[in-house]
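Keep in mind that what you see is a predicted model, and the values were worked out from it rather than measured.
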Amino acid sequence: MEIAADEPFGGYAWDGDQRWTPEAVRLWWAGRESVRAWSAEELDDRPNEKDDGLEDYLRGYLFWLIENREPRTDEELPTLSL
C-alpha cells in the first residue's frame, strides 16, 4: 500500500545535467523549428508564436552546464549559435 501511495514519477528524469551538453543544447536550439512544426501539427499549436524567454533560459542553462553554477548578474551568458 505504501508503494501505491508514492508518486512513481516524482524523481523521473532528474539527470538532465548528466545527459545535456552545451553542444546538445545548441544543436537542439538550431533545430527548434522542426520541433515547433511538429508540435503545431500534433497539438494544433500556433506555429508563429515567439519563444517567450526560451533563448535567455537556455543561455543561462548553458552557463550552468559549462560553469556548474548560476551566473552572476554582471556575467555574460554564452551564445546558442553553433
Minimum-distance pair of heavy atoms, taken over all atoms of [X] and [Y]:
X     : Y     : answer
Pro71 : Phe63 : CA-CE2, 3.4 Å
Leu62 : Pro22 : CD2-CA, 3.4 Å
Val25 : Leu65 : CG2-CD1, 3.9 Å

Exercise. Should the pair Glu75-Arg69 be classified as a salt bridge under the 4.0 Å nitrogen-to-oxygen rule?
Worked result: yes
Problem set entry | Audit row: Asp56, Tyr61, side-chain hydrogen bond (donor to acceptor under 3.5 Å, both in side chains) steps and yes/no | CA-CA 9 Å; Asp56 291 336; Tyr61 186 54; over 6 Å; no
Seminar exercise, completed: Rounded to the nearest 0.5 Å, the CG atom of Leu58 sits from the OG1 atom of Thr79 at a distance of 12.0 Å
Exercise. Who pairs with Glu70 by side-chain hydrogen bond (donor to acceptor under 3.5 Å, both in side chains), at least two apart in sequence or on another chain?
Worked result: none
For this session: Please confirm whether the backbone N or O of Leu82 pairs with a side-chain atom of Arg26, one donor and one acceptor, at under 3.5 Å?
Result: no
Exercise. Counting distance only, does the side-chain N/O of Arg32 pair as donor-acceptor with the main-chain N or O of Trp29 below 3.5 Å?
Worked result: yes
Exercise. Is the CD atom of Glu67 crowded by more than 12 outside heavy atoms at less than 6.0 Å?
Worked result: yes
For this session: Report yes or no: do Leu77 and Leu80 belong to one cluster of Ile/Leu/Val/Met/Phe/Trp/Tyr joined by side chain heavy-atom distances under 4.5 Å?
Result: no
Exercise. Is Leu27 reachable from Tyr57 through a run of hydrophobic residues whose side-chain heavy atoms are each under 4.5 Å from the next?
Worked result: no
